[in-house]
*Asks:* 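First the structure, then my questions, so here it is.
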Amino acid sequence: FDGSSEDYVQLPNDLLDGMENVTVEFWVRSTNINKPINTVFHATHTGSNDFSIEFKADQITVLSQYGTVRASATHQNHQWYHVAVVRQGETLRVYENGNLIGEGTLTSSAAFNIEGAVVLGQEQDSLIPGAPPPFGGGFDATQSLEGQLDELRIWNTACREFEIASNRLRSLGAGQAGLVGSWTFE
């Protein structure tokens, strides 16, 4: 991801639909960690932050329609980090390199209903109904990821800490219980 507003990956729009419990995990390496926002994952229904993961020099921020959780961390340029965000009902946990680094309570455990785009590497600030994917975007280079992603996995379950720690260094193929999507970027 080069940090431009044109560099992003779009995933299936219904990827998170109906999920009350979900785990999003990935490896990330920033080349501009001091940028105000390095958006890794963003899903939107209304044009707001329905579910967004931001990677920053001093924290990982998860924004959702049900609240925001900030997990303090120290990140450096050109270093790989494994991040897992786990939503279990109203509880949201953030793990880095297999360790819990932040936890917060959301205002609802309602299932996701994402009708806009699910994108990697860019936050989507607005939607244009009826527009072709990515539905108008409102993409902004100041909010895009500068760096690399790998081993993105989406689970329809709240993975436990020991599962995150033991699986983060393994390549997992199709057929894993609860794994709804897996992407590698080589």
*Asks:* How long is the gap from OG1 on Thr68 to CG on Leu63, to the nearest 0.5 Å?
*Replies:* 4.0 Å
*Asks:* Report yes or no: do Val28 and Val118 belong to one cluster of Ile/Leu/Val/Met/Phe/Trp/Tyr joined by side chain heavy-atom distances under 4.5 Å?
*Replies:* yes
*Asks:* Which residues pass the salt bridge (Lys or Arg N to Asp or Glu O under 4.0 Å) test with Glu163, sequence neighbours left out?
*Replies:* Arg160
*Asks:* Measure from the side-chain N and O atoms of Ser30 to the backbone N and O of Asn32, and report whether any donor-acceptor pair falls under 3.5 Å.
*Replies:* yes
*Asks:* Just how far is it from atom CD1 of Ile37 to atom NZ of Lys56, taken to the nearest 0.5 Å?
*Replies:* 5.5 Å
*Asks:* Is it true that Leu15 and Met19 fall in one hydrophobic cluster, defined by side-chain heavy atoms closer than 4.5 Å?
*Replies:* yes
*Asks:* Do Trp27 and Ile154 belong to the same hydrophobic cluster, where Ile, Leu, Val, Met, Phe, Trp and Tyr are linked whenever their side-chain heavy atoms lie under 4.5 Å apart, directly or via other members?
*Replies:* no
*Asks:* A side-chain contact here means heavy atoms from C-beta on lying under 4.5 Å apart; do Phe51 and Val85 qualify?
*Replies:* yes
*Asks:* So do the side chains of Leu11 and Phe41 get within less than 4.5 Å of each other, counting heavy atoms only?
*Replies:* yes
*Asks:* Any side-chain heavy atom of Phe26 sitting closer than 4.5 Å to one from Leu120?
*Replies:* no
*Asks:* Out of curiosity, Glu25 CD to Ile53 CD1, how far, rounded to the nearest 0.5 Å?
*Replies:* 10.5 Å
*Asks:* Should Asn21 and Thr157 be marked as a side chain to side chain contact (heavy atoms under 4.5 Å, CB included) after you check the CA-CA gap, both sets of side-chain angles, and the distance that decides it?
*Replies:* CA-CA 5 Å; Asn21 297 324; Thr157 184; 5.6 Å; no
*Asks:* Tell me, do Ser64 and Leu92 make a side-chain contact under 4.5 Å, heavy atoms counted?
*Replies:* no
*Asks:* Is Arg70 atom CZ crowded by more than 12 heavy atoms from other residues, nucleotides or ligands, each under 6.0 Å away?
*Replies:* no
*Asks:* Which heavy atom in Leu16 sits nearest to a heavy atom in Ala43, and how many Å separate them?
*Replies:* CD1-CB, 4.0 Å
*Asks:* Could you label the plane-to-plane angle of the Tyr81 and His75 rings as parallel, tilted or perpendicular, counting under 30° as parallel and over 60° as perpendicular?
*Replies:* perpendicular
*Asks:* With no hydrogens and no angle check, is any side-chain donor or acceptor of Ser182 less than 3.5 Å from a backbone partner on Arg153?
*Replies:* no
*Asks:* To the closest 0.5 Å, what do you measure between CD (Gln88) and CZ (Arg93)?
*Replies:* 5.5 Å
*Asks:* Rounded to the nearest 0.5 Å, what separation is found between the CD1 atom of Ile33 and the CD atom of Glu146?
*Replies:* 10.5 Å
*Asks:* Taking all non-hydrogen atoms of both residues, which atom of Gly98 and which atom of Arg168 are closest, and how far apart?
*Replies:* N-CD, 3.7 Å
*Asks:* Using modelled atom types only, decide if a donor and an acceptor are shared between the side chain of Asn97 and the backbone of His82 within a distance under 3.5 Å.
*Replies:* yes
*Asks:* Do Thr31 and His78 have side chains that get closer than 4.5 Å, going by heavy atoms?
*Replies:* yes
*Asks:* Do Ile164 and Trp155 have side chains that get closer than 4.5 Å, going by heavy atoms?
*Replies:* no
*Asks:* Can you name the closest pair of heavy atoms from Phe185 and Leu152 and give their distance?
*Replies:* CE1-CB, 4.3 Å
*Asks:* Going from CG on Leu145 to CZ on Arg29, what distance comes out if it is rounded to the nearest 0.5 angstrom?
*Replies:* 11.0 Å
*Asks:* Mind listing the closest non-hydrogen atom pair of Gly89 and Leu106 along with its distance?
*Replies:* O-CD1, 4.4 Å
*Asks:* Treating Ile, Leu, Val, Met, Phe, Trp and Tyr as nodes and any side-chain heavy-atom pair under 4.5 angstrom as an edge, say whether Val83 and Ile101 lie in one connected cluster.
*Replies:* yes
*Asks:* Could you tell me which residues satisfy side chain to side chain donor-acceptor pair (under 3.5 Å) with Arg87, sequence neighbours excluded, listed by chain and number?
*Replies:* none
*Asks:* Between Gln59 and Thr61, is there a side-chain donor-acceptor contact under 3.5 Å, judged purely by atom types and distance?
*Replies:* yes
*Asks:* Write down the atom of Ser109, the atom of Glu90, and the distance for their closest heavy-atom approach.
*Replies:* N-CG, 3.6 Å
